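Since the structure comes first, as structure tokens, the remarks are kept for the end.
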Amino acid sequence: MPMADTLSPSSPPRQKSIVEAHGISKQFGDLEVLTDIDFSLAPSEVVCVIGPSGSGKSTLLRCLAFLEPYDHGSVYIDGQLLGYEDRNGKRVRTSEKRVDDVRAPVGMVFQHFHLWPHRTALENVTEALRLVNGLSRQEADTEGMAMLEQVGLSDRAGHFPESLSGGQKQRVAIARALAMKPRVMFFDEPTSALDPELVGEVLDVMKKLAADGMTMVIVTHEMGFAANVANRVIFMDQGRVVESGPPATLFRQPKSERLQQFLNTWRERNID
Amino acid sequence: MFDITLLWEVRGLILQGFWNTLWICFTGCLLALSLGLVLAALRLANPRLFGYPVACYVELCRGTPLLILLFLLYYGGPSIGLTLSASVAGVMGLGLYGAGYFAEIYRGGFKSIPKGQLEAARMLGISRWHALTHIQIPQMARLIVPPGTNQLIILVKESALISIISVDDLTKNATTIVNQTFQVIEPYLAVALLYWLMIELIARGGYALEKRLANRQPRPASQQGATPHAHG
Ligand SMILES: Nc1ncnc2c1ncn2[C@@H]1O[C@H](COP(=O)(O)OP(=O)(O)O)[C@@H](O)[C@H]1O
Ligand SMILES: [Mg+2]
């Protein structure tokens, strides 16, 4: 495997993890946003990423999906290097087509939904089924309705996003990602843009997904959800992973001062 | 006083002028629309390389009178080896001038679509081409039709300036008739009516297109329980 050796300090993933990252870092101009991050995700694992605003959580998720190209290190999806390849000992960007192929197992849900406003809920879900998977309209509609059913929105199929509540929009966005049969789902603060009373319906859908064995990485400020659903919690601060472990350990016995502070601030805010 | 028979006698000149204005505007607008698209696309595709030159071009179009551009093309052209007939100079003048405005209109349309919508498309494996044709263009079309129509109308009206570089357009032929017949009102009114006719056609076309794009009804969902909902 000469290719991997020139690309990363460590060899490519040995055990069967769906997502694996070695020593990734990322800069925006002079600002170092991610520093030397290692990450791995086993099948059916649910990982929650927490940390103060600006600590690099979104950037980490976006680098793992190559929506932002990472500067150093390597990201493997199902054992395949994402975004770069080795050409004559030099690391070069792969084609967009190749990026699409490698990250095909990854589905993404954004804080602000990013539904397409000129498409109905059902059309949002079926668009990629038709354009990418080449399904006929009828096949795509059947499949799309099943996905909307799964998030409890089959009665909203013909509605445009503007007439849906935030919670419904986010559930459509989840159905849209699920339609492509991802093996792992990334969520970037999926409930942060929602009115408090709508958070529950989205978290319920995610809990169901977790129970069905979906592999997930979830950036969230919902500590209760993280405590109940995550197998592992990662605490980030200033572009580094400061602590990680099972939620019980992390929340009850935080080792670092920064995590203690973060949790205290969170408790203070949520008591009144 | 108002002598309608006079207009019948000079119908040849009026029709010739109308025809010249028509084809020069049509070609000029076509050039403006397509060159504008190229400029906007270049700027979006590679802002670092094309951003500044295109921005300068747009500023130049906004900041100088069309008449100066026409003079440069028609009278200044020969000194740099570019000898144009008056009509071709007219087409080029309108096209180059309009392109600056259309570039901005297109760019506004593209920019109005949040980047996240395209990231969502990419994460689903939708190609850039499909994202352009299925996500960007349908949304931006709605937004650019009203300002685009407006700009076409402005170009048609400004086209009267090509009479000054001796194109036998509506305006110049009207003046010729005035000089021959010493009647002022009839020829200019007739010509005004013809300009208005062209502009009315463009305005109505634009309005129809706008309605067509806005009124897209959701196609009926293929299963029971889906409530069709009119999109405002
Ligand atoms: N596209 C960008 N260009 C420049 N700086 C950015 C960009 N995206 C994020 N940043 C900066 O990177 C840091 C981490 O941002 P982010 O990953 O969004 O943090 P979080 O999601 O934890 O709030 C912040 O300081 C932010 O301002
Ligand atoms: Mg964030």
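Just so it is clear, the structure is predicted and the values come from calculations on it, not from any experiment. Throughout, a chain's letter reflects where its sequence line sits, starting with A, and its residues are numbered from 1.
When the shell of 6.0 Å around CZ of Phe28(A) is examined, it contains more than 12 heavy atoms from other residues, nucleotides or ligands. Within 6.0 Å of CH2 on Trp23(B) lie more than 12 heavy atoms contributed by other residues, nucleotides or ligands.
At a 4.5 Å heavy-atom cutoff, the contact between Val106(A) and chain B is made by backbone and side-chain atoms alike. Of the atoms belonging to Leu115(A), it is backbone heavy atoms, and not side-chain ones, that fall under 4.5 Å from chain B. Heavy-atom distances place both the backbone and the side chain of Arg176(A) under 4.5 Å from chain B. Looking at Ala104(A), there are no atoms closer than 4.5 Å to chain B (heavy atoms on both sides), in backbone or side chain.
Note: Gln139(B) CD to His118(A) NE2 = 4.5 Å, rounded to the nearest 0.5 Å. Separation of atoms CZ (Arg103(A)) and CZ (Arg122(B)) is listed at 6.0 Å; rounding is to 0.5 Å. Between Gln117(B) atom CD and Phe110(A) atom CZ the span is 11.0 Å, to the nearest 0.5 Å. Atom CD1 of Ile135(B) and atom CG of Leu131(A) lie 7.5 Å apart (nearest 0.5 Å). Once rounded to the nearest 0.5 Å, the distance linking CH2 of Trp116(A) with CG of Leu118(B) reads 9.5 Å.
Here the closest non-hydrogen pair linking Asp100(A) and Gly125(B) is OD2-O, 4.1 Å.
Using a 4.5 Å heavy-atom cutoff, the side chains of Glu119(B) and Arg62(A) are in contact. Looking at heavy atoms from C-beta onward, Met180(A) lies out of side-chain contact with Met123(B) at the 4.5 angstrom threshold.
By number of non-hydrogen pairs under 4.5 angstrom with chain B, the leading residue of Met108(A), Lys97(A), Glu96(A) is Glu96(A). Interface summary for chain A: among Ala120(B), Pro114(B), Ala121(B), the most heavy-atom pairs under 4.5 angstrom belong to Ala120(B).
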Practice problem: Apply side chain to side chain contact (heavy atoms under 4.5 Å, CB included) to Arg130(A) and His130(B), showing your working. | Solution: CA-CA 11 Å; Arg130(A) 297 176 59 198; His130(B) 276 146; over 6 Å; no
